[in-house]
Amino acid sequence: MVNFYGTEVASRLLLGTALYPSPAVMAEAVSASGAGIVTVSLRRESAEGRSGQAFWEMIRGLGAQVLPNTAGCHTVREAVTTAQMAREVFGTDWIKLEVIGEDDTLQPDLFGLIEAARILVAEGFKVFPYTTEDLVAAGRLVDAGCEVLMPWGAPIGSGQGLVNPYGLRAMRSHFPDVTLVVDAGIGVPSHAARAMEMGYDAVLLNTAVAKAGDPAAMARAFALAVEAGRVAFEADPMEPRDMAAPSTPVMGKAFLG
Ligand SMILES: CC(=O)[C@@H](O)[C@H](O)COP(=O)(O)O
């Protein structure tokens, strides 16, 4: 079980609902993933003409808790307004907060993110900020009232995996009591397993499943990887070492000379 703002969720895999070939394939993938939380972009779906009541009803009907997001927002004002609209549409005070600062990497604007987080927390939102592994920004977000932090693994949609494992490890050890989710850039299940082995509480991904040849099968593969990574973390993995250490005992070996 993983705790998000007091809500216990069984699955440690959070799935995005964009980019699938069809809504039916998306629903199949969500079901195969076992995800307890799905994220949906109000702006992106609206831009693609899927903002009708029927589409939102379908998202609500997936049987998972909805985490609306502010994907596509570049300013504090856009993000705050989108969050307010999402609260109306989905009846939830959860918001995945994205304030994009740079278009080539879709890197978050950390200054805008912190400002928007402060405003939304004051309005009663439970904010899930999409951030980098920057520890100072992370501290400011926690001070603003964020109980969850979502550092990127790699740029959104890149599938590069965990490009800064050192930074992600440092974040885990600096914030042992904060719910930490690796969000974005995960390409294959082993990337997700690695994040879980590091002690991350969960992973959020979208493109790797939506753009797979068989999204439902890939969703299942990610579910297994996330579970394996978590079980491995709880089993307290061995420390890597520089020198060889024989795993076969030599005592009692036959003398052949
Ligand atoms: C769906 C969503 O919220 C994305 O903005 C998220 O960051 C996932 O990124 P990937 O598509 O790289 O998994």
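Here the structure is a predicted model, which is why all the values come from computation and not from measurement. Just so you know, ligand 1 is whichever comes first in the structure, and atom 1 is the first atom listed for that ligand.
Under the 3.5 Å distance criterion, the side-chain polar atoms of Thr70 are matched with a main-chain donor or acceptor of Glu98. The backbone N or O of Leu67 sits less than 3.5 Å from a side-chain atom of Thr39, completing a donor-acceptor pair.
Heavy-atom contacts of Asp183 reach the following atoms of ligand 1: 6 (C), 7 (O), 8 (C) (cutoff under 4.0 Å). Within ligand 1, counting atoms from 1 as listed, the ones closer than 4.0 Å to a heavy atom of Asn69 are 3 (O). Here is the list of ligand 1 atoms found below 4.0 Å of a heavy atom in Leu205: 13 (O). Ligand 1 places these atoms under 4.0 Å from at least one heavy atom of Thr207: 10 (P), 11 (O), 12 (O), 13 (O).
Considering backbone and side-chain atoms alike, Thr39 places every N or O at 3.5 Å or more from each N or O of ligand 1. Note: no N/O pair closer than 3.5 Å links Ala71 and ligand 1 by distance alone. Of the N or O atoms in Asn206, one or more lie within a sub-3.5 Å distance of an N or O in ligand 1. Some N or O of Gly157 is nearer than 3.5 Å to an N or O of ligand 1, by distance alone.
Atom CZ of Arg87 sits in a crowded spot, with more than 12 heavy atoms from other residues, nucleotides or ligands closer than 6.0 Å. Counted within 6.0 Å of CD on Glu197, heavy atoms from surrounding residues, nucleotides or ligands total more than 12; the atom is thus considered enclosed.
Residues Met196 and Val203 approach most closely at SD-CG1, 4.1 Å, considering heavy atoms.
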Donor-acceptor list for residues 180-194 side chains, cut-off 3.5 Å, not counting sequence neighbours:
{"from": "Asp183", "atom 1": "OD2", "to": "Lys96", "atom 2": "NZ", "distance (Å)": "2.9"}
{"from": "His191", "atom 1": "ND1", "to": "Gly187", "atom 2": "N", "distance (Å)": "3.0"}
{"from": "His191", "atom 1": "ND1", "to": "Val188", "atom 2": "N", "distance (Å)": "3.3"}

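In this structure, of Met150, Lys96, Lys211, Gln160, the residue bringing a heavy atom nearest to atom 3 (O) of ligand 1 is Lys96.
At a 4.0 Å cut-off, at least one heavy atom of Gly185 sits close enough to ligand 1 to count as contact.
Residues passing the side-chain hydrogen bond (donor to acceptor under 3.5 Å, both in side chains) test with Glu8 are Asn3, sequence neighbours excluded.
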